[in-house]
Amino acid sequence: MAVAHAPTGTWYGATLKEWIFTTDHKKIGMLYFITSLVFFLVAGIFGLLIRLELTKPGIQLPGLFGQEGADLYNYLLTGHGAVMLLWWAVVIWTGAFSNFLIPLMIGAKDVAFPRLNAFSYWSFLGASLLVLLTLIPGNWIKMLWTGYPPYALNDNAGPTALYTLIVDLYGVSATAGSVNFITTIIRMRAKGLGWTKLNLFVHAIMATNLIQLFGVPALLGAVNLLLLDKYFHMNYFNPALGGDPLVYQNIFWFYSHPAVYVMILPAFGVFSEVIATMARKPIFGYISMMIAIYAIAFIGFETWIHHMFVSGVPDWARVLFSYTTVLVGVPTGIKIFNWVATLHKAAIRYNTPMIFTFGGILMFLIGGLTGIPNAMVSIDLGISDSMFIVGHFHYVLGMALTFAAFSGIYYWYPKVTGRMYSEGLGKLSFWLMLIGANIFYFLQMITGILGEPRRYADYPPIPSWVTLNQLQTVGAIILGIGILVSLINWVKSLKGPKAEDNPWKSPSLEWSMTDTPVGPHNFKKEPVEVPEDWHPYAFYKGYHTHV
Amino acid sequence: MRFLSLLLVFVGSSLAQEVVAYPKVYWENSYKVWLAVAVIIYLVVAIPALYFMLKYRYRKGVHEEGEHIEGNTALEVVWTVIPIIIVLFLATYSFANFVKQRNAPEGAMELKVVGFMWGWEFEYPNGKKVYAFFNPQSYTAPEEQKAYIPAGKPVKVILTSRDVIHSFFVLPAMITEDAVPGRLTHLWFQINKPGEYYVLCREFCGTWHSHMFAVLKVVPEAEFNTWLSTGTPQQTQQ
């Protein structure tokens, strides 16, 4: 039968109009990826400006448009935090990676609701454009991404309405996306793909979207109540009128703590994909890896008070949540031990995705171990809101997560673009990032142990603090150069050598059953069916010939 | 024998190091235990990981496939149970120290502190008040803005705020607690060594958050009492 419009060639061959009106998961994934990456760079530049400001005591940033240099600093801090978390750490997974990969990994032609998927992207882009509006000096939001009242109700904080509208649009997009991916993973798996035959990345995205579905409404509730408080003179959070600011913190962290697992679980997923493929060995303890993902997502909803250990909550609540928080370490530990065990008696290839993954795991180990003192309420009384916590979450997000994202970008680069990246530039980028980030974030934790508070535009000229801050700036610059090298690599390699269909010899569906680059209809053969004994991590002799 | 006793005195004195401030001692207890555990765990995981990375390399045509191992139930149970024991121990040890950090000793002097954008108001038991205002230029305070504290005496701080949330961080004592409008929160500290110390704001509160500090002037008790009785509350109030 003749089809009116039978696309051939690559998935990305399309006109501008087709890109705008597309409902193809691969194109939408790429739109997400580019948006996410652009905002990652903008937030990175914000971060470098913050770092330059802290290089020496005193306020270096200029006072502009009637606002103090410290106000500009607070705006940069807000922008860096909000954009790095929501536009990079969350959307790089829930938007970019999951859109491109989930249908390919489960043998589906597209997501369950392709038009809802497009809607999800365009409302996300709407939120992104609103974020760009904050670059106008009068629109500077200066209440940090947490937006705590009563400060958020104060005029010093900037336009709270803009903040609320951004989070609203973002939340609509996130909720639509989570409904879409949960449905896709439950309903659209190819014949023969049971729950224990899914890539761990698919499980991670499933858990992530469950968190989004249950959590995002709480976030939207919290920020919309801010709007009502500030502009409609209601009094949920304003103590002057009988409200309670701690109510906001409870609702906000009910989402925003589990949100850190939205960020890190897909990073674990990428580690599992890359480590099994490059070690040429099935992932160690697949079932316990899978249970650990859902356990982390579940326990993650019972720990939010640890963000409020010094905010005046009762002592018994602090102790109780101290216990629930440390328990998250157990499933997380299981995942790390299983990755290390996967390397035992393996045949490990040293390429860019693998070294990013291996480095990412060792850095995540530091991030995880330095998370414990924040959960041990006795230590937290001294380091709460210090630079220590900043160093800790940059080990987790700035290193483990970003290394996972870079590892994933390199790993799937041939499949997405049809070209091979440059190994030399990739490895150079890894070493620069590893060295720079370690100098930066490790010393940041030490200044925190010495007591330096976070969110300070200026700090007392205590000699040890000054020296440590200067070294951190050196680290940050090396880190920045490392990231730049990877960007050059990704752009330059678009003209690189052509890649094979399955360069990593993986039985996983996105590699073994598609063209490189992926064709418009995804799979070489439809419908997708897998043999009885197929498994995405079946890396044993001669296995991949089955598919 | 004489040498041994000298050695004992030396070791004893280094162990019984002079405590500069409470409750930092309890903070340090928890911190040291965590640090030791964390370093051990890091080495136990990272050394085998690096060893495997170096030993089991892919060699084209020689060693291209890993061994077919999918898991080991006994091992997986071990590395589930041992971490549970470790984290429960750490949380419980922290709990024990936390109780001491939170509960002021009997007879502590009560100091009422109110945070505002941007500064601190200190009110002493006899009603004397000291105001520490932010100074965008420096981190030094004029004499009349220094809050006097008796050396070696526990001080219980009752905190609240006049506008937004602040946090009262006593740098030498490694203790912080938020000052929340509409609520009373508390912390205690004791500084044994006379000198000048910082209190820094640790909850983001706007433009001059980073300059919202106070200087604690820790003096011997007699000097403190003299200072406290001079100047009626009306005179020192601004």
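Note that the coordinates shown come from a computational prediction; the quantities given were computed from them, not determined experimentally. In what follows, chains carry the letters A, B, and so on, assigned in the order in which the sequence lines appear, proteins first and then strands, with residues in each chain numbered from 1.
Neither the backbone nor the side chain of T325(A) comes within contact range of chain B, judged by heavy atoms closer than 4.5 Å. With a threshold of 4.5 angstrom between heavy atoms, L50(B) approaches chain A through its backbone and through its side chain. Contact of L153(A) with chain B is not made at all, since no heavy-atom distance falls under 4.5 Å. Only the side chain of P245(A) comes within less than 4.5 Å of a heavy atom in chain B; its backbone stays farther off. Interface remark: I85(B) contributes no atoms to any contact with chain A (heavy atom separation under 4.5 Å). At a 4.5 Å heavy-atom cutoff, the contact between V319(A) and chain B is made by side-chain atoms alone. Proximity to chain A (any heavy atom under 4.5 Å) is restricted, for E64(B), to the backbone atoms N, CA, C and O. Residue N154(A) touches chain B through its side chain alone, counting heavy-atom pairs closer than 4.5 Å. Contact of M354(A) with chain B is made through the side chain alone, with heavy-atom distances under 4.5 Å. For a residue to count as touching a neighbouring chain, one of its non-hydrogen atoms must lie under 4.5 Å from one of that chain's; by this rule F52(B) touches chain A with backbone and side chain alike. Both the backbone and the side chain of F284(A) come within less than 4.5 Å of a heavy atom in chain B. If you measure heavy-atom distances from H211(B) to chain A, the contacts under 4.5 Å come from the side chain alone. Residue contact with chain B, scored on non-hydrogen atoms closer than 4.5 Å, is absent for A157(A). Heavy atoms closer than 4.5 Å to chain A are found in both the backbone and the side chain of N72(B). In this structure, chain B has a heavy atom under 4.5 Å from the backbone of K142(A), while its side chain stays farther away. Only the side chain of Y350(A) comes within less than 4.5 Å of a heavy atom of chain B; its backbone N, CA, C and O stay farther away. T342(A) does not touch chain B: none of its heavy atoms, backbone or side chain, sits under 4.5 Å away. I449(A) touches chain B through backbone and side chain together, each having a heavy atom under 4.5 Å away. For T185(B), the part lying near chain A is the side chain, with the backbone staying farther off; criterion is any non-hydrogen pair under 4.5 Å. Neither the backbone nor the side chain of I361(A) comes within less than 4.5 Å of any heavy atom of chain B. Heavy atoms of L88(B) lying under 4.5 Å from chain A belong to its backbone as well as its side chain. In this structure, chain B has no heavy atom under 4.5 Å from any part of P331(A). When heavy atoms are compared at a cutoff of 4.5 Å, T73(B) does not approach chain A at all.
With chain B as partner, the option from G329(A), G285(A), A346(A) having the largest number of non-hydrogen pairs under 4.5 angstrom is A346(A). Heavy-atom pairs under 4.5 Å with chain B were tallied for I383(A), I59(A), I336(A); the largest tally goes to I383(A). Interface check for chain A: of the options Y198(B), W208(B), Y42(B), Y26(B), the most heavy-atom pairs under 4.5 Å are formed by Y42(B). When the candidates L327(A), I283(A), L246(A) are compared by the number of heavy-atom contacts under 4.5 Å with chain B, L246(A) comes out ahead. Your options are H209(B), R202(B), E67(B), H63(B), and the one with the most heavy-atom pairs under 4.5 Å with chain A is R202(B). Here T92(B) is the residue among T92(B), V39(B), L184(B) with the most heavy-atom pairs under 4.5 Å with chain A. Of the listed residues (L90(B), T80(B), I84(B)), the one with the most heavy-atom contacts under 4.5 Å to chain A is L90(B). Of all the listed residues (V330(A), V340(A), V377(A), L381(A)), the one sharing the greatest number of non-hydrogen pairs under 4.5 Å with chain B is L381(A). Interface remark: of the candidates S322(A), G312(A), P373(A), P373(A) forms the most heavy-atom pairs closer than 4.5 Å to chain B. Ranking Y51(B), Y31(B), F95(B), F98(B) against chain A, the residue ahead of the rest is F98(B), based on heavy-atom pairs under 4.5 Å. The candidate with the highest count of non-hydrogen atom pairs below 4.5 Å against chain B, out of D315(A), T146(A), N156(A), L365(A), is D315(A).
Taking the six-membered ring where the residue is Trp, F388(A) and W34(B) present perpendicular rings, their angle passing 60° and hence far from 30°.
Closest approach of I165(B) to P150(A), counting heavy atoms only: CG1-CD, 3.8 Å. Of all heavy-atom pairs between T207(B) and A70(A), the closest is O-CB, 3.3 Å. Closest approach of P282(A) and H68(B) over heavy atoms only: CG-CD2, 4.1 Å. Across all non-hydrogen atoms, the minimal contact from A49(B) to L343(A) is O-CD1, 4.1 Å. Considering every non-hydrogen atom in both P83(B) and F337(A), the closest pair reads CG-CE1, 3.9 Å.
No side-chain heavy atom of E70(B) sits under 4.5 Å from any side-chain heavy atom of Y537(A). Within the 4.5 Å cutoff, the side chain of D458(A) has heavy atoms near those of the Y139(B) side chain. You'll find the side chain of E65(B) stays beyond 4.5 Å of the side chain of K281(A), heavy atoms only. For the pair Y151(A) and F204(B), the minimum side-chain heavy-atom distance is below 4.5 Å.
Among residues two or more places apart in sequence or in another chain, the side-chain hydrogen bond (donor to acceptor under 3.5 Å, both in side chains) test is passed with Q137(B) by none. Residues satisfying the ring-ring contact (aromatic ring centres under 6.0 Å, His included) test with Y75(A), not counting sequence neighbours, are F46(A), W140(A).
For residues 114-121 of chain B, the interface with chain A (any heavy-atom pair closer than 4.5 Å) comprises M117(B), W118(B), sorted by residue number.
The closest donor-acceptor contact from the side chain of Q101(B) to the backbone of S378(A) lies under 3.5 Å.
More than 12 heavy atoms of other residues, nucleotides or ligands shown are found within 6.0 angstrom of OH on Y148(B).
Taking CD of E28(B) as the reference point, atom CD1 of I379(A) lies at 11.0 Å (rounded to 0.5 Å). A distance of 14.5 Å separates OG in S210(B) from CZ in R454(A), rounded to the nearest 0.5 Å. Note that the CE atom of M53(B) and the CD1 atom of I348(A) stand 5.5 Å from one another [nearest 0.5 Å]. Here CG of L369(A) is found 11.0 Å from CD1 of I40(B). Values are rounded to the nearest 0.5 Å. Atom OG of S94(B) sits about 7.5 Å away from atom OH of Y323(A), to the nearest 0.5 Å.
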Report, one line per pair, each donor and acceptor closer than 3.5 Å where one atom sits in a side chain of residues 168-183 of chain B; sequence neighbours left out.
{"unit_1": "T176(B)", "atom_1": "OG1", "unit_2": "S167(B)", "atom_2": "OG", "d": "2.9"}
{"unit_1": "T176(B)", "atom_1": "OG1", "unit_2": "F168(B)", "atom_2": "O", "d": "3.4"}
{"unit_1": "E177(B)", "atom_1": "OE1", "unit_2": "R318(A)", "atom_2": "NH1", "d": "3.3"}
{"unit_1": "E177(B)", "atom_1": "OE1", "unit_2": "R102(B)", "atom_2": "NH1", "d": "3.1"}
{"unit_1": "E177(B)", "atom_1": "OE2", "unit_2": "R318(A)", "atom_2": "NH2", "d": "2.8"}
{"unit_1": "D178(B)", "atom_1": "OD1", "unit_2": "S167(B)", "atom_2": "OG", "d": "2.8"}
{"unit_1": "R183(B)", "atom_1": "NH2", "unit_2": "D244(A)", "atom_2": "OD2", "d": "2.5"}

